[in-house]
Amino acid sequence: MVQLDETYKICAPGIDSVKERVECTLDEDHAVESKATSFKCPQNAFQNEATCHDSADFKKNKTSHSHQQLLSNSTLTHTTDKQSNQLGAENPNLDEKRTSETTGICKSAYLKRLRQVLSDDIVEKVHAFAENEFDFNILCSKDAINDAQIPNGRKNTTFSVGVVSSKETRAEIHSAIKYVFPHLCTDTQKPSDGRDGLEIIIQTNATYWKLRRFIVADEIDNFMHFVGEKEHSKTFSLTCPEDKEVRTQLHRVIAKYYGSFLETKTFVTSDGSDQDRSHKIVVRFRQKYGGRGQKRKVTEEKTIFSGFILKKENLEMLDVINKLAATLRVHSSDFSYAGIKDKKAITTQLMCVKGVSIQRLNSHFSKTDVAGIQVGNIHPLQGPIQRGQLKGNHFDIIVRDVKLQKKGVGDIDETQMVVRVEEEVKKAAQNVKTNMFLNYFGQQRFGSISDIQGNAANIGLEILKGNYVQAVKYLLSPIEGKDDAVNKAKKFFQETQDAKTTLSMMPNYKSRECMLLKALHRHGLDHDGYTKALLSIPHSMRQLYVHSYCSLVWNRMATQRIKLYGSQLMEGDLVIPAGVDKAITRDQVQTVTQENISSRSFTIQDLVLPLPGNAIRYPFNKVGQLYQQSLKQDGLSQNSFRLNSLKLNIPGDYRKLFSCPTDLTYKIYQETGSSLVQTTTQVEVPRTLLVGTTNNSSYQESSSKEDFTSKNKINLRLSFRLPTSSYATMCVREMMKQ
């Protein structure tokens with residue numbers, strides 16, 4: 001035992017049965033290193049089991065109560081010979097584990113460095129500030145005083161170290177203060193007098209005090225050191241109460257503040273009897289985290305980009321990406337593509353994956369069969385695929401069981417019927433090529449018609465309004481009348497709010513729902529938990545829901561624009577001249593003037609309507625007023641489209657009011673059977689039909705008592721190209737109108 005001073009005595013934490021104490025001095029020129037007891041995790045525990053503990057050393061201060069409490073957090077631990085023998089008998093690997101334990105950089109080194117870069121007077125003032133802040137926060141936590149009892153100006157107290165010009169010196173000061181005083185944090189700001197360099201500001205570390213509610217005082221400082229050092233190979237063990245609810249809260253608070261690079265797990269330690277069971281929470285760095293501020297190690301392979309053609313059938317894009325990521329053992333974010341294709345279709349598109357060679361792609365997909373997915377045409381690429389690079393889409397569509405809906409068809413034979421259908425199709429094709437069609441967003445933009453609550457536009461609206469709880473509840477709402485496994489799980493969650501059990505019931509292929517439920521189980525069912533749940537799904541999907549709401553507003557305004565002004569350009573309309581690159585359309589939007597109309601500077605093909613956002617302008621006529629009214633009725637403003645809590649920024653966009661197909665061809669035939677996937681043409685604004693329908697029970701506008709039914713079904717195959725973001729279902733719907 002080291003006998004240095006009898007001023008301070010610190011009991012070894014977690015050793016209630018041993019009353020022996022460790023006595024030490026607090027002198028800046030000496031450091032007392034101590035070893036901590038450790039526990040053996042099960043065989044399936046984290047690979048690194050070393051417990052991180054640090055040396056304790058502070059500046060000597062005579063009888064300061066503040067320093068006594070500060071020092072109680074330094075976790076000086078001591079294992080007696082008696083207890084060491086007992087633990088060694090229970091755990092033969094204890095000595096081996098102790099050799100793997102490491103101690104952190106002693107505080108005396110940081111204190112010495114502070115004195116080298118700062119004056120003694122400043123260092124003394126930093127100590128005094130640290131004591132005052134510690135005392136004040138202890139008082140707040142013990143007495144639970146409210147804001148009204150806090151003296152004016154005391155709540156946000158800060159201390160200025162001064163202006164430091166050297167970046168390296170600033171980094172050393174930041175590190176030293178955070179290590180010596182974990183309950184403090186530092187920041188920088190530009191000096192008010194315009195001097196070179198940055199001013200270093202010290203203030204209370206709010207995260208420290210939130211964690212201190214759950215982490216025992218003997219461990220909190222060392223835990224903060226563990227977090228700050230970012231040694232990827234280390235783990236840290238926390239003593240935790242036996243109350244499961246308290247352990248859950250501890251898991252959640254660590255996940256809240258450090259979940260991006262730390263993960264936690266509870267282990268049970270026991271000598272074989274239930275009475276001696278205890279719990280330890282082990283904290284480690286996430287496997288993808290490289291430590292020392294690097295989230296991933298950058299290797300030569302990470303610069304590789306491989307392209308391939310993806311063919312999928314009746315699958316959502318998120319599910320496909322997750323399956324591919326699991327097959328190749330990469331992250332979902334490593335994939336890039338130009339756009340999201342419909343679920344209810346057989347689609348092909350160019351994809352790119354980062355960090356996977358073409359040899360590895362060929363090896364995996366020559367042996368692995370993923371249901372509903374085919375991969376081919378694998379080739380190297382120079383970089384990822386960017387959104388906005390898509391020029392357009394090609395469509396092959398079959399309209400089954402085409403029927404004429406005109407009165408007075410009469411009793412004609414089958415051959416005549418085929419001729420009559422072909423005549424009508426020819427007229428319809430010519431009409432859509434000449435007069436274009438309203439560029440509505442299709443039903444697939446909004447989700448299932450029968451799933452009213454789960455409609456993507458409703459979810460997007462709740463997100464924009466900040467109602468994250470309601471948004472997630474919509475995502476997990478069951479569809480009325482369906483009793484499959486997915487809806488049974490959703491109904492169970494709706495009734496019980498039990499995320500853990502619901503997760504076990506939810507089929508694994510429902511990637512979105514599983515992500516949400518995992519986050520709710522991890523972070524709880526409060527507002528913060530629901531926020532984390534939304535953050536758990538891909539950023540592109542969060543955007544998609546908001547864009548879906550914006551698309552619904554656009555559809556409504558398109559209808560109003562046609563009702564008000566028809567297909568004529570009006571003063572105050574917005575246009576984008578033909579030939580403008582889509583990537584710079586926001587800068588090229590022009591407002592139509594009376595002079596433009598007189599000189600015919602623009603055509604109706606140049607007319608655009610805005611998709612709501614925080615960086616667009618609205619038409620300077622009645623349509624613009626309708627936009628503002630629509631957003632106000634939904635409880636939104638232009639400022640609603642920036643959501644920092646969800647890392648969403650929706651600048652808005654512009655979309656052509658009319659679209660036109662190119663390379664349009666068609667074929668009429670009477671073959672039966674097809675491998676194509678059924679879709680729907682129903683949208684918010686109803687239309688009448690000319691010929692045909694899909695065999696979709698939710699679509700009711702195709703039938704009437706005067707429909708002619710032939711003995712053999714007549715099918716229509718359409719092939720055409722559309723600009724990006726135009727919907728084929730809207731083109732077909734226009735051809736089928738009356």
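Small disclaimer: the values here were computed from a predicted structure and weren't measured.
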Of all residues at least two apart in sequence or in a different chain, which pass the salt bridge (charged side-chain N to carboxylate O under 4.0 Å, His left out) check with R721?
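R721: salt bridge (charged side-chain N to carboxylate O under 4.0 Å, His left out) contacts with D663.
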
For R655, what residues pass the salt bridge (charged side-chain N to carboxylate O under 4.0 Å, His left out) criterion, not counting sequence neighbours?
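Expected list: none.
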
What closest approach, in Å, do [X] and [Y] show between heavy atoms, and which atom pair accounts for it?
X    : Y    : value
Q349 : M317 : OE1-CE, 3.4 Å
F395 : S726 : CZ-O, 4.3 Å
L609 : A558 : CD1-CA, 3.6 Å
A457 : Y549 : O-CB, 3.6 Å
V320 : K312 : CG2-CD, 3.7 Å
C731 : L722 : CB-CD1, 4.5 Å

Among I346, T347, I373, find the residue that satisfies the side chain to side chain contact (heavy atoms under 4.5 Å, CB included) test when tested with K311.
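Per the side chain to side chain contact (heavy atoms under 4.5 Å, CB included) rule, the option paired with K311 is I346, out of I346, T347, I373.
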
I'd like to check [X] versus [Y] (side-chain heavy atoms, cut-off strictly below 4.5 Å). Are they in contact?
X    : Y    : answer
T665 : R717 : no
N439 : W554 : yes
N644 : R642 : yes
K488 : D483 : yes
L564 : V623 : yes

I would like to know whether S599 and E595 meet side-chain hydrogen bond (donor to acceptor under 3.5 Å, both in side chains); could you show each step before the answer?
CA-CA 6 Å; S599 63; E595 182 181 350; 5.9 Å; no

Side-chain donor-acceptor pairs under 3.5 Å in residues 514-525, sequence neighbours left out?
{"unit_1": "R522", "atom_1": "NH2", "unit_2": "T264", "atom_2": "OG1", "d": "2.8"}

For the residue pair Y627 and Y618, is the inter-centroid distance of their aromatic rings smaller than 6.0 Å?
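They qualify: ring centres under 6.0 Å apart.
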
Side chains of [X] and [Y]: do they bring a donor and an acceptor to under 3.5 Å?
X    : Y    : value
S719 : H394 : yes
N614 : Q638 : no
K341 : N393 : yes
S551 : R445 : yes

Test side-chain hydrogen bond (donor to acceptor under 3.5 Å, both in side chains) on Y727 and S659; report intermediate values, then the result.
CA-CA 9 Å; Y727 284 75; S659 187; over 6 Å; no

So among Q590, R561, Q568, which one has a side chain to side chain donor-acceptor pair (under 3.5 Å) with D573?
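The single option meeting the side chain to side chain donor-acceptor pair (under 3.5 Å) with D573 is R561.
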
